[in-house]
Amino acid sequence: MEKKSRHYEFEGAVLDMPMFYDELAGRYIEEYRNFNEEPAWTADGCPIMHSVEDACTYGEWDEPSRCNTCGECKFFKFIAQHSLLGVCRQKKQLWANKITERGSNM
């Protein structure tokens, strides 16, 4: 079977997401990597993440009664209409990631 991938370029980041054919769905589906183990950032340092991740402590929602995933947070921006990936634009999250990066490099 043919190997497929989907290419994304956004905000200075480049991602190639492998795809697999799902027999039940009858179509190719993106195979998302674990961004907790293999983080990725935009050129501005904003983290790229899955929309279905549990939201961080800095998340804010228009409807607080929702289940509170990253994709529902008002700071989350999807990279494409058909993708489950997006960028977190919460400045506090950006700062927390920079502190973690510095700490792990010491």
Side-chain angles (χ1 to χ4, degrees):
M1 184 153 302
E2 176 185 347
K3 293 247 181 198
K4 286 191 164 218
S5 66
R6 187 169 278 151
H7 183 78
Y8 294 104
E9 291 184 31
F10 57 96
E11 299 181 27
V14 176
L15 291 175
D16 285 303
M17 300 304 299
M19 299 179 79
F20 67 95
Y21 188 80
D22 185 284
E23 296 283 337
L24 190 59
R27 65 183 186 144
Y28 282 91
I29 297 175
E30 290 181 353
E31 188 173 335
Y32 296 110
R33 72 182 201 211
N34 184 334
F35 285 95
N36 293 322
E37 292 177 7
E38 298 177 61
W41 293 273
T42 65
D44 293 338
C46 295
I48 299 167
M49 50 192 31
H50 297 275
S51 60
V52 296
E53 292 284 333
D54 289 337
C56 71
T57 57
Y58 309 118
E60 294 180 22
W61 299 267
D62 293 331
E63 296 179 42
S65 62
R66 303 279 309 248
C67 70
N68 300 336
T69 63
C70 289
E72 296 169 319
C73 179
K74 68 181 187 178
F75 297 109
F76 189 85
K77 178 186 174 195
F78 284 92
I79 63 171
Q81 190 174 25
H82 59 271
S83 180
L84 295 177
L85 298 179
V87 176
C88 175
R89 296 190 180 281
Q90 170 51 279
K91 298 288 185 196
K92 292 176 187 174
Q93 179 70 8
L94 175 62
W95 181 246
N97 283 338
K98 287 186 178 188
I99 291 171
T100 302
E101 284 175 41
R102 286 189 196 138
S104 65
N105 291 333
M106 293 181 161

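Numbers for residues simply follow the sequence, beginning at 1. Being a predicted model, the structure only gives us computed values, none of them experimental.
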Over 12 non-hydrogen atoms of neighbours within 6.0 angstrom of CG in D16: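 Result for CG/D16: enclosed.
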Just checking D22: does its CG atom have more than 12 heavy atoms from other residues, nucleotides or ligands closer to it than 6.0 angstrom?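 Correct, the count exceeds 12.
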Inter-residue atom distance [X].[atom1] - [Y].[atom2], 0.5 Å rounding:
X   : Y   : atom1 : atom2 : result
R27 : M19 : CZ    : CE    : 8.0 Å
N68 : W61 : CG    : CH2   : 4.0 Å
F76 : S51 : CZ    : OG    : 5.0 Å
M17 : I29 : CE    : CD1   : 13.0 Å
I48 : L15 : CD1   : CG    : 5.0 Å
F10 : S83 : CZ    : OG    : 8.0 Å

Linking I/L/V/M/F/W/Y whenever their side-chain heavy atoms sit closer than 4.5 Å, directly or via other members, would M49 and V87 fall into one cluster?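 Per the 4.5 Å side-chain linkage, M49 and V87 are not co-clustered.
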Tell me whether I79 is reachable from F35 by hopping between hydrophobic residues (I, L, V, M, F, W, Y) whose side-chain heavy atoms are closer than 4.5 Å.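 Linked within one cluster.
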So which heavy atom on [X] is nearest to which on [Y], and how close?
X   : Y   : result
G59 : C73 : CA-SG, 3.7 Å
A43 : G12 : CB-CA, 3.9 Å
H7  : V14 : CE1-CG1, 3.5 Å

Check whether [X] reaches the backbone of [Y] with its side chain - one donor and one acceptor, N or O, closer than 3.5 Å.
X   : Y   : answer
Y32 : L84 : yes
Q90 : Y58 : yes
R33 : E38 : yes

Apply ring pair (Phe, Tyr, Trp, His ring centres under 6.0 Å) to F75 and list each qualifying residue two or more places apart in sequence or on a separate chain.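 F75 satisfies ring pair (Phe, Tyr, Trp, His ring centres under 6.0 Å) with no other residue.
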List the steps, then state whether side chain to side chain contact (heavy atoms under 4.5 Å, CB included) holds for N34 with H50. CA-CA 9 Å; N34 184 334; H50 297 275; 5.9 Å; no
Could you pull out all residues at least two apart from T69 that satisfy side-chain hydrogen bond (donor to acceptor under 3.5 Å, both in side chains)?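 Expected list: E72.
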Using 30° and 60° as the class boundaries, would you call the ring planes of H82 and Y8 parallel, tilted or perpendicular?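 Geometry flag for Y8 against H82: parallel rings.
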